[in-house]
Number of protein chains: 2
Amino acid sequence: MPPAARPARVDAVRNRAALLAAAEAEFAERGTDASIAGIAQRAGVAKGTVFRHFATKDDLVAAVASDRFAQLEAVARRLAESPDPGAALREFTSATAEVLQQQGLTFLRAASECSPVVAGSRDRLLASADVLVERARRDGIVRADVTGADVLLLTCATVHTAAAGPGPAPDLWRRYLTIVVDGLRPESASPLPVPAPQQP
Amino acid sequence: MPPAARPARVDAVRNRAALLAAAEAEFAERGTDASIAGIAQRAGVAKGTVFRHFATKDDLVAAVASDRFAQLEAVARRLAESPDPGAALREFTSATAEVLQQQGLTFLRAASECSPVVAGSRDRLLASADVLVERARRDGIVRADVTGADVLLLTCATVHTAAAGPGPAPDLWRRYLTIVVDGLRPESASPLPVPAPQQP
DNA sequence: GCCGAAGATGACCGACTGGTCAACTTGCTA
DNA sequence: TAGCAAGTTGACCAGTCGGTCATCTTCGGC
């Protein structure tokens, strides 16, 4: 085992944090089309500094996206201890929708498609979602043929509808999440024509 | 009123049609990021020719997107005469999903956001969707507080979920469209927390 | 077959991108 | 406080993009 690396300099730590915050904001506003130059400017740093901290643009995208998935996974783990499985599932989908809404759905999807690190974070989130769905099913809240991946994808869907609407409709997703959750109920459920996906 | 313009030359007509077909395919594959050069090559034409027929890239995007919305509006008008309003609504959502899936959801959204012509086509489609929803509601198939814009947005949503899934899952949207339509039923409907949008 | 006009062409332009690097500055350790 | 590794900088590079335009080709009326 090599000796512990010298700790990072304080200015490097500060710049790295500023870069992550700036990247988060720029990616949220403009998706993966956000330019490195713009992120650097927002962080108050030269462009070369970005590449010192993140070898490629993809690495920066992955860092931001992984943080988001990890944040949601923590929420799911906490809710898995909740005494009311139905409320826990609703709260989880709302929290997920809020993060997706804030960070940008297509950004997170693109990130998990081109980075195995992000895909890993996403899969851990999926596993936590499965736990919540299974608990809700045992409670009679959701139909038998629905999985965690289904719920995550449908939550993404409701956020997308809000983003697709005209002008700012920041919480239109609440309307559609309500309809979707109603559609998950076991009463009056139509048989589903296509099998559930393995991953969201 | 000026005298009728001389009819277009046959080669111009042929090239315009080839360009529209090529643009449709390229936009479907790569969204608005598709390059003019790629579209020109696919159409077997030089780049300058593209700009002779469409002054800007946006004009080309608008032409392709408008065609799609008009195609869906025609479907809706036909279904408005159908004797079974519930089946008509289901068929309309399926047809819409298929077009969105084929042409690319984000492409169509981007197109209608930056071109008033496309927005007009989209609004005509919305009006036709409203007719279908109203008929279904009178038949007791959908809850009272749902509009045509809701149904269109939710249909977009199910397509988005399929696109967000891993690998090719070309008809996963059928699974989620079933869940969503179940969620539209009047029985066991939870009150909706946010008003419906004016446009989809 | 001739000829004018409409159309097609592709080299070219400027703007912008992600990424590199040699020169310079700064924080930390001894 | 001296010295050096770590960190920062911005000019620069190659590539791509949408868009222009002088030049050439082709259609179609006579």
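Residue numbers start from 1 in every chain, and the chains themselves are labelled A, B, ... in the order their sequence lines are given, proteins ahead of strands.
Between A:Leu19 atom CG and D:dT8 atom P there is a gap of 9 Å when expressed in whole angstrom units. The separation between A:Ile39 atom CD1 and C:dC16 atom P is 17 Å, rounded to whole Å. We find that CD1 of A:Ile36 is positioned 17 Å from P of C:dC16, with the value rounded to whole Å. In this structure, A:Gln41 places its CD atom 18 Å from P of D:dT8, rounding to the nearest Å. Counting to the nearest Å, the P atom of D:dG19 and the CG atom of B:Leu60 are 10 Å from each other.
Within 4.0 Å (heavy atoms only), B:Ala40 reaches no atom of the nucleic acid at all.
Along DNA chain D, the nucleotide closest to B:Phe51 and the one closest to B:Arg14 are compared, and the more 5′ of them pairs with B:Phe51.
A:Arg175 places no side-chain N or O within 3.5 Å of a backbone atom of B:Pro197 that could act as its donor or acceptor partner. The backbone N or O of A:Gln103 lies less than 3.5 Å from no partner atom in the side chain of A:Glu24, so there is not a single donor-acceptor pair. Counting only distance, with no hydrogens or angles, the side chain of A:Ser128 and the backbone of A:Arg124 share a donor-acceptor pair below 3.5 Å.
In this structure, B:Asp130 and B:Ala149 approach most closely via the heavy-atom pair OD1-N, 4.2 Å.
Residue-environment remark: CD (B:Gln41) stays at or below the threshold of 12 foreign heavy atoms within 6.0 Å.
Closest contact between the side chain of A:Arg9 and the listed nucleotides D:dC17, D:dG28, D:dA6 involves D:dA6. Considering only the side chain of B:Lys57, D:dG18 comes nearest among D:dG7, D:dG18, C:dG18.
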Check the interface with nucleotides 9-13 of chain D: list each N/O to N/O pair with the protein under 3.5 Å, or write none.
| residue | atom | partner | partner atom | Å |
| --- | --- | --- | --- | --- |
| D:dT9 | OP2 | A:Ala46 | N | 2.9 |
| D:dT9 | OP2 | A:Thr49 | OG1 | 3.0 |

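The phosphate of D:dT8 has OP1 or OP2 within less than 4.0 Å of a side-chain N or O from A:His53.
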>> With salt bridge (Lys or Arg N to Asp or Glu O under 4.0 Å) as the criterion, how do B:Arg122 and B:Glu73 come out once you've worked through the C-alpha distance, each side chain's angles and the decisive distance to 0.1 Å?
In response: CA-CA 9 Å; B:Arg122 183 204 55 191; B:Glu73 194 206 342; over 6 Å; no

